[in-house]
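No hydrogens, no waters, no symmetry mates; every other heavy atom, side chains included, goes into these values.
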Amino acid sequence: MSRLQNFINGAYVDVPEDRPTVPVTNPADGSVIGQVPESTREDVDEAVKIAAAAQAKWGTQTYKARVQCLFKLKALMEECQDEIVQIIRREHGKNVAEGKASLLKGIQKNKTRHKHEPPEVLEVSVGRRQELPWAVLPRP
């Protein structure tokens, strides 16, 4: 079972071993598949400060440069499909077909995300709709 790390400023960061952890369970069978260490307020404040600086830099990029990042993400998602499906299966309790459908839906949404009018609501499973985070964010 893995002890997860924080991901800050493009790198994995260890959290001190003496911090309490929260179990990550596979919803399909309840088995514990990992441990997430609790971060302090200071840890979060530092991560937010770094993320705000990164956002400021990202905001200076041209629309074309930002779209190229999304195309790269799409290509990586397609290239790593099998691995991503297994992660979805383990972390969300979905079977392989559902995991692949979720991934393909994500790839499709990424493909259309570069347009100025992204969909505001996505049907995430039969009868369940989810507001997309970017629907509430101001557009550049």
Side chains of His92 and Ser102: closer than 4.5 Å at any heavy-atom pair?
no
Taking all non-hydrogen atoms of both residues, which atom of Met77 and which atom of Gly106 are closest, and how far apart?
CE-C, 4.0 Å
To the nearest 0.5 Å, atom CZ of Arg19 lies from atom CD of Gln35 at 15.0 Å
Could you tell me if the side chain of Arg3 sits less than 4.5 Å from the side chain of Thr21, heavy atoms only?
yes
Shortest non-hydrogen separation from Pro27 to Gly93 and the atoms involved:
CG-N, 3.4 Å
Quick one: does Ile84's side chain get under 4.5 Å of Gln81's, heavy atoms only?
no
Within one Ile-Leu-Val-Met-Phe-Trp-Tyr cluster: Val13 and Ile50, side-chain cutoff 4.5 Å:
yes
What is the distance from atom NZ of Lys49 to atom CG of Asn9, rounded to the nearest 0.5 Å?
11.0 Å
Does Val15 share a hydrophobic cluster with Val22, counting links as ILVMFWY side-chain heavy atoms below 4.5 Å and allowing steps through other members?
no
What heavy-atom pair brings Ile107 and Lys74 nearest, and what distance separates the two atoms?
CG2-CG, 3.9 Å
Given 3.5 Å as the limit, does a donor-acceptor pair link the side chain of Asp43 with the main chain of Thr40, or not?
yes
Student check: side-chain heavy atoms of Gln108 and Lys105 closer than 4.5 Å
no
